[in-house]
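To start, the structure itself, in structure tokens.
Side-chain atoms are counted along with the backbone in the values below, which use heavy atoms only and exclude waters and symmetry mates.
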Amino acid sequence: MNLFKNKYRIKSARLAEWDYSNPWWYYVTINTKDHKDFLGKVRNGKVIVNRLGRIAENCWKEIPNHYPASELDYFVVMPNHIIHGIIIINSGVETGHPSGLGLAEADAPSLQRQTRSLSNIIGSFKSGVTKSVHNLGYTKFGWQPRFYDRIIRNEKELYNIRKYIEQNPLNWELEREQPENIFE
């Protein structure tokens with residue numbers, strides 16, 4: 001562990017030599033704080049999102065409207081991790097958007113971002129969801145401080161990740177019982 005501002009901090013899992021604003025395909029997982037089931041439940045292999053899960057899903061779907069150089073591929077909202085999802089960053093100029101992801105202007109937090117880096121996209125998403133959820137009175141809601149990402153290297157890997165995303169609700173019970181399968 002490294003020391004940062006007199007606090008121990010886990011070394012970043014990001015590739016030091018990689019620019020995360022590069023046009024590429026990225027697989028991400030974003031967990032809720034302490035892996036709490038804030039976003040819904042799974043019944044018979046199907047995800048049933050609740051009010052908070054719908055907010056998170058809508059904000060996720062809005063990402064390309066706020067980051068025009070981005071696209072979304074497969075994703076799934078799970079009870080304790082909003083997304084196993086694929087974000088595609090294309091080449092192009094990114095200017096950001098002043099309103100929150102997927103929210104009415106009056107309810108939107110200010111999320112002006114100037115770059116299309118993966119961290120900025122995820123940070124804006126997490127901020128927009130958190131502000132919306134807290135405004136509804138769910139003040140205990142939160143995210144893990146980081147997110148898991150993987151640079152998708154080839155078609156085979158893309159196929160396997162898509163398959164994993166599709167099957168994640170079916171494997172919910174298995175995954176919950178094996179914490180090493182839950183990405184931090």
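- Nearest heavy atom pair, residue S117 against residue I89, reads C-CD1, 4.3 Å.
- Contact record, Q144 with D34: OE1-N, 3.1 Å, taken as the closest heavy-atom pair.
- The closest side-chain donor-acceptor pair between T32 and W143, if any, does not fall under 3.5 angstrom.
- Panel note: side chain R43, backbone K41; no donor-acceptor pair is recorded below 3.5 Å.
- No side-chain donor from either of E157 and N160 sits under 3.5 Å from a side-chain acceptor of the other.
- Remark: the backbone N or O of Y67 is paired with a side-chain donor or acceptor of S70 at under 3.5 angstrom.
- For residues 75-91, no residue pair satisfies the salt bridge (charged side-chain N to carboxylate O under 4.0 Å, His left out) rule, not counting sequence neighbours.
- Residues H84 and F75 place their aromatic rings such that the two centres sit no closer than 6.0 Å.
- Remark: R162 qualifies as a cation-pi partner of Y74 under the 6.0 Å distance and 45° angle criteria applied to the six-membered ring.
- Not a single donor-acceptor pair under 3.5 Å links the side chain of S127 to the backbone N or O of G123.
- Distance NZ/K126 to SG/C59: 14.0 Å, rounded to 0.5 Å.
- Atom CH2 of W172 is separated from atom CG of N44 by 14.5 Å, given to the nearest 0.5 angstrom.
- Looking at residues two or more places apart in sequence or on another chain, you find a ring pair (Phe, Tyr, Trp, His ring centres under 6.0 Å) between F38 and F141.
- When the shell of 6.0 Å around CH2 of W24 is examined, it contains 12 or fewer heavy atoms from other residues, nucleotides or ligands.
- Qualifying side-chain hydrogen bond (donor to acceptor under 3.5 Å, both in side chains) partners for E71, counting only residues two or more places apart in sequence or in other chains: N90.
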